[in-house]
Number of protein chains: 2
Amino acid sequence: MVNETQHSCSASSSSRSDGNSSGSESSKDNSRCSTPVLDADRHERLREKMRRRQDAGDKWFSLEFFPPRTANAAVNLISRFDRMGAGGPLFIDVTWHPAGDPGSDKETSSMIIANTAVNYCGLETILHMTCCNQTKDDITGHLQKAKRLGLKNIMALRGDPAGEEWEEEVDGFNYAVDLVKHIRNEFDDYFDICVAGYPKGHPEAESYEADLKHLKEKVFAGADFIITQLFFRPETFLKFMKDCQAIGITCPIIPGIFPIQGYHSLRQLVKLSKLEVPQEIKDVIEPIKDNDAAIRNYGVELAVSMCRELLDSGMVHGLHFYTLNREVATTEVLKRLGIWKEDPRRPLPWAVSAHPKRRVEDVRPIFWASRPKSYIYRTQEWDDFPNGRWGNSSSPAFGELKDYYLFYLKSKSPREELLKMWGEELTGEESVFEVFTCYITGEPNRNGYKVTCMPWNDDPLATETNLLKDQLEKVNRRGILTINSQPNINGKPSTDPIVGWGPSGGYVFQKAYLEFFTSSEIVTALLKVLKKYELRVNYHIVNVQGQNITNAPDLQPNAVTWGIFPGREIIQPTVVDPVSFLSWKDEAFALWIEQWAKLYEEESPSRMIIQYIHDNYYLVNLVDNDFPLENCLWQVVEDTFELLN
Amino acid sequence: MVNETQHSCSASSSSRSDGNSSGSESSKDNSRCSTPVLDADRHERLREKMRRRQDAGDKWFSLEFFPPRTANAAVNLISRFDRMGAGGPLFIDVTWHPAGDPGSDKETSSMIIANTAVNYCGLETILHMTCCNQTKDDITGHLQKAKRLGLKNIMALRGDPAGEEWEEEVDGFNYAVDLVKHIRNEFDDYFDICVAGYPKGHPEAESYEADLKHLKEKVFAGADFIITQLFFRPETFLKFMKDCQAIGITCPIIPGIFPIQGYHSLRQLVKLSKLEVPQEIKDVIEPIKDNDAAIRNYGVELAVSMCRELLDSGMVHGLHFYTLNREVATTEVLKRLGIWKEDPRRPLPWAVSAHPKRRVEDVRPIFWASRPKSYIYRTQEWDDFPNGRWGNSSSPAFGELKDYYLFYLKSKSPREELLKMWGEELTGEESVFEVFTCYITGEPNRNGYKVTCMPWNDDPLATETNLLKDQLEKVNRRGILTINSQPNINGKPSTDPIVGWGPSGGYVFQKAYLEFFTSSEIVTALLKVLKKYELRVNYHIVNVQGQNITNAPDLQPNAVTWGIFPGREIIQPTVVDPVSFLSWKDEAFALWIEQWAKLYEEESPSRMIIQYIHDNYYLVNLVDNDFPLENCLWQVVEDTFELLN
């Protein structure tokens, strides 16, 4: 059940050759998501990516979000990052609200939301930061923390004054330019810096011209590019851009696009930004102000036509969207503009993290395939990826299970929904088998609800796993409770829409894998059957107490996914690793209790059934090493059932 | 033209599993040469290998050599190491002659010969060392040097006294036991130590019993096993062994076997060892003393029957052969005993070096495939293998070409022979094409001589390259002078007798590779043709001045040989690496001059033809990345010739 939200974007590297080259042409892939892990693009800074896209005549977009108020909303926002990240934004940015403790470790702080976007969603991310009413030490502290978390881009803002009237502080940060200078002084060239531009002039500026001068100061102090405040007419932006260029501002200027999504949100935004809505827009909106759908349709139309005009001008290469944390309108605009690019190609089978430390990461254990964020969380303290050579030199140490994090042991779905899916009342182990079977088949359970997630998998079955659906259904019905699997693949093109990954022109391979919980009776029979397959199938069988039965040679990892590409070393991004399996075992067993058993009252029969499974079942993984032959793992299971009868 | 002398022996690892294992069975391959590079057996010490072979009931043999007198003889001895190494000795040993400057850096010293056996031939090696008439500092210096060179085993001997009568020195090394103690004191458990046993008692010992006591002292001082002096009757050894056991010697005792190879060598050895030849042997030999063949045949018979008796006794697990640096008799005995095991399986496609530093080496550039010793020589100063990640992090630094070593730029064949093969007089570039073509076809050249080696390849065409013979012949005739090539392989069993390597149950793969010298006219046409193959073929084209044309992305290495094995990570032992190609280029061009041009008089037309090729030709390598399809490199060459016409 390979996770489906696997889109981390990057583009191909530029050519380079040694000596006096007279014919070097190395860069073949020009689309994003096409280069494997070790390429230069993963080392590119945001400003370089922006420049390369502009040089290639490649239009792009970016998305702005604000930090949510509750932990539940944060979990939802992260899902939105994953979904909207699939469209291929060049970056996202997260705003900074001084009142909301933005630099803290709270799940809802700007810092932690941006950290999540970078590290767990693999998105290039800009963290906003305001400076007024803050000490230098505070600011430096925030910046150090951002750097430590792997954030590489800052949007430097003044922020709103604390009281009604703004007063300049001696020695304090009074303007965004002070923050830009401070970042450059203290962190040299580490951060890419973005600053705000006001196409109509800042509302507090003496004049439009004076505001342009302030902008120039910010750029000359070290800013790398500009994102503008929203505006309602394309000519507003185009005039502003020409005026900037006229006074010598040459860095990229990205127009901020605000698709109108509702009457009230528009009024509020206008109030905050002190902008005036043009009469022609008011004339359309006022009559339909109570019809949300109509307003949104109009907003999409308006945004599309304005964006087209901007892009057609030849002066605009990227568009920045104020999403208000909503998905539908912005996605619609992007799709109609043709710049939403859901590329099925992936640089690796799993979503690559954007943390600089993880740039070289090119292998992970298969166990966390459906829980990649948990894997990143548990390995966040590692200095190297992987941490030592798999299984051989050093045992990687995984974060403890007692740690808690946004999405670590928590389901995205509320308790009531989970109870509907997994059963208000369980009557025995068989009712658990039924839940697993319904998840596989997609059929409603006996109470008419579809089972769209499981404790080990927050998403419906992956396309790849669908290939195994019939067989999975059969075995789950009989108590082989599958939580992860992949088919064997013998050299499919790397561009294959279902199993492909990496640059084009390559070939991808997989060994068949099957992981499941099952009873000790079945394990006893299975072990007898496995003797027949000793030379072909590797297995690890473990229970919650840690009893461990395996035929893996010398605790070595077994590569189960690999790719062969033109002009490159072999990439083996997924392994079955005996050492990390013992850490995964703890997590996999804990999920029975944390996500499922705890839905029921203590001492209730339902809870006791799950507790019984947790205490007595085994977690089994099987690898069929003969990837060119037909997958034998189903036969292994079949033989096991036969032996039992 | 993959090198053929690729047999480094090791055996499979023992099982290990985590937790409370109730069914761990990890060791599948019990024959030698069957485990890949990262396995425990490469970390095993000689005494452990010996014990494991004994436990497995697996009979083994070892071979003793003495250092040669001349550099030419050293080159021949090294070839003999390679050929006899193919039969699978558990170890070889090199004797120590105080008069021959045995610890020096001379090509013919014991130290350097042993160094070559370990590092270049990949043989487990014991270096003899004598102690009498030497200071502690001398001895320690020798041992330190041995350790530095990667030698791990010492045969500790007293040696012969300087004068006629031996006198005990105060505070000096008087007995082998002093040397054993010294090694253990100074080097702890680093070395495995062997000592000599005398089945008839040492000629200078007071008595047989006293000599046994000395032997026990040596063992109790830290020796790991015993090799005996030669003897003529099996019962001599078996009695000795029982007597040793009776006084508490429990370590392995290996009988020293001396196949009689000639009348004079026997007489000389008997004189040196002060042994008496039994009458029944004398009776056979005396009448045939002038018939070498007859004596050798008898010697083989005698040795075989004695060895059989020893092995059948159940007390003997290994046999040590005094080869006198000769091949035929010992090989014959071993073959008739059935313990000469030429195993076509290889742990890796290239011969693994036995230096402890190189234990983890698992990747090499393909360029040195036919010159593995040169590669080892040029990388001997590396601390890691490979030295940093290929092509990405650090450029490996190769030893300079000006360095000279036994086999580095020197051919094994004498000048006259080379002239017969490569032409007494060259008449133009075409006569060079002819030499290359004859090497490929195996047909005699126009003067009736077979071309059995080339400057880039000391051996006849490898079996694998034979697969490409017809095509190679065609292109060499037309001036594509091939020096290295391999066919594409799409998942053949790892046990394939021609292209297989690594443990059984795996699959091996190759990308097609072709490397050749050719004229600038052909290169110009080739480059035009390569544009058509841009997405499929990677190329590096370089001349002696270093002009370099490539389409390799970012100087990344291209994996061209890899294997997928049960329960393991992927192994990619051969790469086309752009950085090391520039070092190889220097060596490949230098061989034109050093080995070929210098056969002729200065200013002679023949020499000028080779010099012209050296100065003007390009060295080209091509990789066809589409390993599952038919090799397109022949079509590339075909297209090039078509374009030229």
Side-chain angles (χ1 to χ4, degrees), chain A residues 12-28 38-40 390 392 490-491 504-507 509 511 527 530 534-536 538 541-542 546-559 562 564-570 572 575 578-579 582 623 625-628, chain B residues 12-13 15-28 38-40 389-392 490-491 504-507 509 511 527 534-536 538 541-542 546-559 562 564-570 572 575 578-579 582 623 625-628:
Chain A
S12 74
S13 55
S14 60
S15 78
R16 187 155 60 98
S17 81
D18 219 37
N20 305 316
S21 167
S22 68
S24 164
E25 292 121 37
S26 68
S27 178
K28 289 167 198 163
L38 297 165
D39 284 355
W390 280 107
N392 272 300
N490 187 16
S504 58
Y507 296 91
F509 293 80
K511 290 181 180 175
L527 275 169
L530 282 171
E534 186 63 30
L535 292 170
R536 181 161 174 183
N538 278 109
I541 302 175
V542 62
Q547 189 195 357
N548 185 20
I549 311 165
T550 179
N551 68 341
D554 290 312
L555 293 186
Q556 283 195 57
N558 190 350
W562 64 98
I564 315 295
F565 302 97
R568 293 168 202 276
E569 290 186 278
I570 287 153
Q572 54 161 40
V575 296
V579 177
L582 297 181
V623 176
N625 288 297
D626 261 331
F627 60 95
Chain B
S12 73
S13 54
S15 79
R16 187 154 61 96
S17 79
D18 220 34
N20 305 315
S21 168
S22 68
S24 167
E25 290 121 39
S26 67
S27 180
K28 291 167 198 164
L38 297 165
D39 283 357
R389 192 163 176 79
W390 281 106
N392 272 301
N490 187 16
S504 59
Y507 295 91
F509 293 80
K511 290 180 181 178
L527 275 170
E534 186 64 28
L535 292 170
R536 181 160 174 184
N538 276 109
I541 302 175
V542 63
Q547 190 196 354
N548 185 19
I549 311 166
T550 178
N551 68 342
D554 290 312
L555 294 185
Q556 283 195 57
N558 190 351
W562 64 99
I564 316 294
F565 301 98
R568 294 169 201 273
E569 289 188 277
I570 287 152
Q572 53 160 41
V575 297
V579 177
L582 297 181
V623 176
N625 287 298
D626 263 331
F627 61 95

Would a 4.5 Å heavy-atom cut-off, applied to side chains only, mark Asn625(B) and Arg568(A) as touching?
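Contact flag for Asn625(B)/Arg568(A) side chains = no.
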
Flag side-chain contact, heavy atom, 4.5 Å: Ile564(A) against Phe509(B)
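In short, these two side chains do not touch, never coming nearer than 4.5 Å.
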
Do the side-chain N and O atoms of Glu569(B) and Gln572(A) include a donor-acceptor pair separated by under 3.5 angstrom?
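Side-chain D/A pair, Glu569(B) to Gln572(A): present.
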
Taking the side chain from Asn538(A) and the backbone from Pro566(B), do they hold a donor-acceptor pair closer than 3.5 Å?
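Checked: no pair found.
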
Work out which heavy atom in Phe565(A) is nearest to a heavy atom in Asn558(B); give both atom names and the distance.
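Nearest heavy atoms, Phe565(A) then Asn558(B): O-OD1, 4.2 Å.
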
Using the side-chain hydrogen bond (donor to acceptor under 3.5 Å, both in side chains) criterion, which residues pair with Asp626(A)? Sequence neighbours excluded.
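Once residues adjacent in sequence are excluded, the partners of Asp626(A) under the side-chain hydrogen bond (donor to acceptor under 3.5 Å, both in side chains) criterion are Tyr507(B).
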
